[in-house]
Amino acid sequence: PSLLVPNEERAAKFKVTIEESSAKKQHAASLLGGLVHVLEVQWHCLTQDFTHPGLPWEPPAPECRSILAGGSGCLYALPMLVCPSYGEKMLWVLQAFFSVWADYFNIHRRSVSHGLDRLMATSMALRMVW
């Protein structure tokens, strides 16, 4: 029965299918491109800008310190409440410490705390995914 459909109608359906496929490929390529960009920025921050606070203005002012933003790093310690091992608990406490140290106490200046926070966060993310 599909062969009885006029050629123009079949061609239009085929064109729509090709356009949908092309859009899906472009979307996948943009997702992959976005992922590559994120990985490049992360690598740059872990190597060349290790001590940079990551704020878009330079130099950041002490007024940018926020108890809500910086103090929220304490929440990284919550998983320790359900972790079975002492070592696992310490990893979460260490992550919380680095987060608050970088994002509250040193947010307004360059500090090794920013690099350690990024390194720990990256390690914890990879650890959870792996």
Side-chain angles (χ1 to χ4, degrees):
S2 63
L3 294 176
L4 301 176
V5 176
N7 286 340
E8 296 82 23
E9 193 175 323
R10 277 193 295 153
K13 286 182 180 178
F14 185 68
K15 182 179 177 188
V16 168
T17 304
I18 289 176
E19 288 172 354
E20 288 173 355
S21 175
S22 177
K24 287 179 182 177
K25 287 180 184 175
Q26 287 176 349
H27 181 67
S30 68
L31 286 176
L32 182 60
L35 178 62
V36 168
H37 174 71
V38 166
L39 292 174
E40 287 173 345
V41 169
Q42 185 70 1
W43 180 253
H44 177 79
C45 289
L46 287 171
T47 56
Q48 297 172 2
D49 266 344
F50 193 76
T51 62
H52 194 277
L55 296 175
W57 56 88
E58 189 78 37
E63 294 82 35
C64 66
R65 184 182 291 173
S66 163
I67 191 69
L68 286 177
S72 66
C74 293
L75 298 176
Y76 283 114
L78 287 180
M80 76 171 220
L81 299 175
V82 295
C83 292
S85 72
Y86 180 75
E88 178 87 8
K89 291 174 192 268
M90 288 300 95
L91 286 175
W92 287 108
V93 169
L94 194 58
Q95 175 63 61
F97 170 76
F98 283 143
S99 180
V100 173
W101 185 32
D103 297 339
Y104 182 73
F105 291 104
N106 291 313
I107 193 63
H108 61 286
R109 62 178 164 243
R110 287 185 170 269
S111 169
V112 72
S113 65
H114 300 294
L116 293 174
D117 180 34
R118 287 186 197 107
L119 189 60
M120 187 69 181
T122 302
S123 301
M124 291 295 281
L126 290 174
R127 188 173 168 277
M128 286 187 291
V129 170
W130 215 258

Enquirer: Is there a side-chain contact between Asn106 and Pro53, using heavy atoms and a 4.5 Å cut-off?
Expert: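 Side chain of Asn106 against side chain of Pro53, heavy atoms only: no contact under 4.5 Å found.
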
Enquirer: Go through the structure and list residues passing side-chain hydrogen bond (donor to acceptor under 3.5 Å, both in side chains) with Trp92, not counting sequence neighbours.
Expert: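 Trp92 satisfies side-chain hydrogen bond (donor to acceptor under 3.5 Å, both in side chains) with Glu88 only.
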
Enquirer: For residues Met128 and Val93: do they belong to one hydrophobic cluster (side chain heavy atoms under 4.5 Å, members Ile, Leu, Val, Met, Phe, Trp, Tyr)?
Expert: yes

Enquirer: Report the residues that fulfil side-chain hydrogen bond (donor to acceptor under 3.5 Å, both in side chains) with Thr51, sequence neighbours left out, ordered by chain and then residue number.
Expert: Arg110

Enquirer: Report the residues that fulfil side-chain hydrogen bond (donor to acceptor under 3.5 Å, both in side chains) with Thr122, sequence neighbours left out, ordered by chain and then residue number.
Expert: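 Counting only residues at least two positions away or on another chain, Thr122 forms a side-chain hydrogen bond (donor to acceptor under 3.5 Å, both in side chains) with Gln42.
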
Enquirer: Do Val100 and Ile67 belong together in a cluster built from hydrophobic side chains that touch within less than 4.5 Å?
Expert: yes

Enquirer: Within a radius of less than 6.0 Å around OH of Tyr76, do more than 12 heavy atoms belonging to other residues, nucleotides or ligands occur?
Expert: no

Enquirer: Listed by chain and number, what are the side-chain hydrogen bond (donor to acceptor under 3.5 Å, both in side chains) partners of Glu40, not counting sequence neighbours?
Expert: none

Enquirer: Identify the heavy atoms of Trp101 and Val112 that sit nearest to each other, and give their distance.
Expert: CH2-CG1, 4.0 Å

Enquirer: Measuring from atom CZ of Phe97 to atom OG of Ser113, what distance do you get when rounded to the nearest 0.5 angstrom?
Expert: 8.5 Å

Enquirer: Shared ILVMFWY cluster between Leu119 and Met124, side chains joined below 4.5 angstrom?
Expert: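 No: no chain of side-chain contacts under 4.5 Å links Leu119 to Met124.
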
Enquirer: Taking a hydrophobic cluster as the set of Ile, Leu, Val, Met, Phe, Trp and Tyr residues connected by side-chain heavy atoms closer than 4.5 Å, whether directly or through intermediates, do Ile107 and Leu68 fall within one such cluster?
Expert: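 Result: no, two separate clusters.
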
Enquirer: Could you point out which residue of His44, Arg118, His114 forms a side-chain hydrogen bond (donor to acceptor under 3.5 Å, both in side chains) with Asp49?
Expert: His44

Enquirer: Contact between Gln95 and Asp117 at the side-chain level, heavy atoms closer than 4.5 Å - yes or no?
Expert: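 Yes, at least one pair of side-chain atoms sits under 4.5 Å.
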
Enquirer: Can you list, by chain and residue number, the hydrophobic cluster partners of Val41 when the side-chain cut-off is 4.5 Å?
Expert: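 ILVMFWY cluster around Val41 holds nothing else.
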
Enquirer: Can you check whether Phe50 reaches Leu116 side chain to side chain, under 4.5 Å on heavy atoms?
Expert: yes

Enquirer: Let me confirm one number: the CE-CZ distance from Met120 to Arg127, rounded to the nearest 0.5 Å.
Expert: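 The CZ atom of Arg127 is 8.5 Å from CE of Met120, to the nearest 0.5 Å.
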
Enquirer: With sequence neighbours excluded, give me every salt bridge (Lys or Arg N to Asp or Glu O under 4.0 Å) pair touching residues 90-103.
Expert: none

Enquirer: So which atom in Ala77 and which in Ala96 form the shortest heavy-atom distance, rounded to 0.1 Å?
Expert: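 Result for this residue pair: N-CB, 3.7 Å.
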
Enquirer: Would you compute the distance between atom SG of Cys83 and atom CG of Leu78 and round it to the nearest 0.5 angstrom?
Expert: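 Answer for the SG-CG pair, Cys83 versus Leu78, is 10.5 Å.
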
